[in-house]
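These notes are about the structure you will find just below.
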Amino acid sequence: MIIECSNCHRKLRLDENLIPDHPVRLRCSSCGNSFQYEKSKNPAESSTQESEQKTRKIGVSLSKGGVGKTTTAVNLAAGCALAGYKVLLVDTDTQGQAAYMLGVKPPGGLAELMTQELQAEEALFQARENLWLLAGGKSLAGVKRMIDRKDFGAEHTLSETLAGIDGRYDFVIVDTSPGWDALTVNVLFYINELLVPVSLEIMTIQALGSFFKNLGAIKKYHSGLNIKYIVPNFMDMRVKKKSETILEKLESLYKDKLCEPIRYNNVISQAPMYGKTIYEYAPGAKGAQDYRELVRKVTGQPHLFQ
């Protein structure tokens with residue numbers, strides 16, 4: 001059976017027969033975290049629990065454009081795949097930039113899967129080893145209208161679509177468009193973990209506060225949604241004082257969720273022109289180093305890539 005550490009989320013494989021029926025405390029061999037575990041007395045429940053623990057569902061979202069959402073989603077997904085995890089990247093933006101950044105042209109994607117024009121095996125596109133893509137694109141505009149026309153359960157449309165396939169992966173990473181549309185709301189009902197990229201600008205901090213207030217309405221109906229990571233993007237050492245001032249403000253507000261910043265680096269914006277991730281285009285660049293650090297943070301594996 002598979003048990004996931006509550007701290008670093010590493011999956012622990014244990015012989016179910018060795019675990020007593022009464023509650024016990026387990027210790028993670030990776031981070032040393034101690035947590036209580038009680039074996040389920042219902043085999044069906046245990047099976048469901050194992051399936052749910054297998055896949056981590058992470059949304060990359062902020063209701064503001066220009067903060068590096070797609071860049072972060074693509075390079076986080078690609079980095080996890082390089083680390084050996086099976087990853088599904090879901091692009092819910094009508095611009096469909098995830099496919100462009102990976103240099104691929106899938107014949108279909110998320111829209112066709114949600115409208116049942118394609119089956120899962122036809123819509124899922126393997127972009128790299130261990131990395132699959134459900135591409136976005138203009139056809140998602142029709143999906144948003146379809147969701148809007150639903151009388152009941154509209155917010156669970158994406159969850160219902162992905163229910164049959166997300167258990168195949170260690171991570172499902174979902175990129176969202178700016179703003180609050182029907183599909184973004186669907187993403188927030190589907191995911192369990194939220195990663196918020198922010199640019200180091202004062203307007204973004206204001207947008208972040210507003211975004212978190214709006215999330216409160218979602219959390220009333222989806223209590224399993226957790227804001228886990230805030231990722232500062234575009235840390236520009238040429239204007240170090242300004243960047244550090246805003247970073248200090250973020251730290252004072254969200255210290256427990258703040259990740260190491262992604263430094264401003266030309267190669268990060270150049271890589272998509274060649275259809276490559278930052279690890280493929282400039283593996284030794286600062287941007288690649290910073291995204292590897294983000295992968296280590298998210299996976300809870302501090303020794304990855306070393």
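Note that the structure is predicted; figures quoted are calculated from it, not measured. Side chains included, hydrogens not; waters and symmetry mates left out as well; all remaining heavy atoms used.
A centroid separation of less than 6.0 Å is found between the aromatic rings of W132 and Y169. Separation of the Y279 and Y291 ring centroids does not fall under the 6.0 Å cut-off.
At least one side-chain heavy atom of R292 sits less than 4.5 Å from a side-chain heavy atom of P283. When side chains are defined from C-beta on, Q289 counts as touching R263, because their heavy atoms get closer than 4.5 Å. P178 places a side-chain heavy atom less than 4.5 Å from the side chain of K69. Looking only at side-chain heavy atoms (C-beta outward), V267 and K286 stay at 4.5 Å or farther from each other. A 4.5 Å side-chain heavy-atom check between V172 and I191 finds every atom pair outside the cut-off. Between V298 and I58, the closest side-chain pair of non-hydrogen atoms falls below 4.5 Å. When side chains are defined from C-beta on, V87 does not count as touching N130, because their heavy atoms never get closer than 4.5 Å. Residues L76 and V295 are in side-chain contact: their nearest non-hydrogen atoms beyond the backbone lie under 4.5 Å apart.
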Legend entry - F171 and T299: CA distance, side-chain angles, deciding distance, side-chain contact (heavy atoms from CB on, under 4.5 Å) verdict: CA-CA 10 Å; F171 290 91; T299 60; 4.0 Å; yes
Inset, instruction - Using the side-chain contact (heavy atoms from CB on, under 4.5 Å) rule, take Q270 and Y281 through it: C-alpha gap first, then chi angles, then the decisive distance, then the call. - result: CA-CA 8 Å; Q270 292 169 0; Y281 182 69; 3.2 Å; yes
Inset, instruction - Begin with the C-alpha distance, continue with both residues' side-chain angles, and end with the deciding distance and a verdict on side-chain contact (heavy atoms from CB on, under 4.5 Å) for L158 and L110. - result: CA-CA 9 Å; L158 179 66; L110 179 61; 3.9 Å; yes
Inset, instruction - Give the C-alpha distance, both sets of side-chain angles, the deciding distance and a yes or no for side-chain contact (heavy atoms from CB on, under 4.5 Å) between L134 and L89. - result: CA-CA 6 Å; L134 270 176; L89 175 62; over 6 Å; no
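For the residue pair A73 and I173, the shortest heavy atom distance occurs at O-CG2, 4.0 Å. Scanning both residues, G79 and F305, for their nearest heavy atoms gives O-CZ, 3.5 Å. The heavy-atom pair separating L118 from G108 by the smallest distance is CD1-CA, 3.8 Å. The two atoms that bring N186 and T157 nearest to each other are OD1-N, 2.9 Å, heavy atoms only. Residues Y100 and M273 approach most closely at OH-CA, 3.8 Å, considering heavy atoms. L188 and L225 get closest at one heavy-atom pair: O-CD2, 3.9 Å.
Side-chain atoms of N265 come within 3.5 Å of backbone atoms of G287 as a donor-acceptor pair (strictly under, hydrogens ignored). Of the possible polar contacts, none joining the D290 side chain to the I262 backbone as a donor-acceptor pair under 3.5 Å is found. Within the 3.5 Å criterion, the main-chain N or O of N192 finds no donor-acceptor partner in the side chain of H222. Here the side chain of T92 pairs a donor or acceptor atom with the backbone of D175 at under 3.5 angstrom. When atom types are taken as modelled, the side chain of S252 and the backbone of K249 share a donor-acceptor pair closer than 3.5 angstrom. Checking side-chain atoms of Q206 against main-chain N and O of M203 turns up no donor-acceptor pair under 3.5 Å. In this structure, N75 contributes its side chain and I278 its backbone to a donor-acceptor pair below 3.5 Å. Using a distance-only test at 3.5 Å, with no hydrogens or angles considered, a donor-acceptor pair links the side chain of T55 to the main chain of D166. The main-chain N or O of W180 is never found under 3.5 Å from a side-chain atom of T184 such that the two would form a donor-acceptor pair. No donor-acceptor distance shorter than 3.5 angstrom exists from the side chain of N233 to the backbone of P197, with no hydrogens or angles considered.
Defined by atom type and a distance below 3.5 Å, a donor-acceptor pair is present between the side-chain atoms of Y264 and N266. A donor-acceptor contact under 3.5 angstrom links the side chains of Q95 and Q97, judged on distance only.
To the nearest 0.5 Å, atom CG of residue L102 and atom CD of residue E280 are 8.0 Å apart. Separation of atoms CE (M101) and CG (D91) is listed at 10.5 Å; rounding is to 0.5 Å. A distance of 10.0 Å separates CZ in R128 from CG in L133, rounded to the nearest 0.5 Å. Taking OG1 of T72 as the reference point, atom CG of L294 lies at 7.0 Å (rounded to 0.5 Å). Separation of atoms CD1 (I230) and CG (L195) is listed at 9.0 Å; rounding is to 0.5 Å. The NZ atom of K228 sits 10.5 Å away from the CG atom of L194 when rounded to the nearest 0.5 Å.
By the 6.0 Å contact criterion, CD on E117 is enclosed, its count of non-hydrogen atoms from other residues, nucleotides or ligands being greater than 12. Residue E260 places its CD atom among 12 or fewer non-hydrogen atoms of other residues, nucleotides or ligands, all under 6.0 Å distant. Counting non-hydrogen atoms of other residues, nucleotides and ligands closer than 6.0 Å to NZ of K86 gives a total of 12 or fewer.
With sequence neighbours excluded, the residues that form a ring-ring contact (aromatic ring centres under 6.0 Å, His included) with Y254 are F212.
Using a 4.0 Å cut-off between a side-chain N of Lys or Arg and a carboxylate O of Asp or Glu, K144 and D181 qualify as a salt bridge. Ion pairing between a basic and an acidic side chain is recognised when a charged N comes within 4.0 Å of a carboxylate O; E155 and K150 show no such pairing. Looking at R56 and D170, no side-chain N of the basic residue comes within less than 4.0 Å of a carboxylate O on the acidic one, giving no salt bridge.
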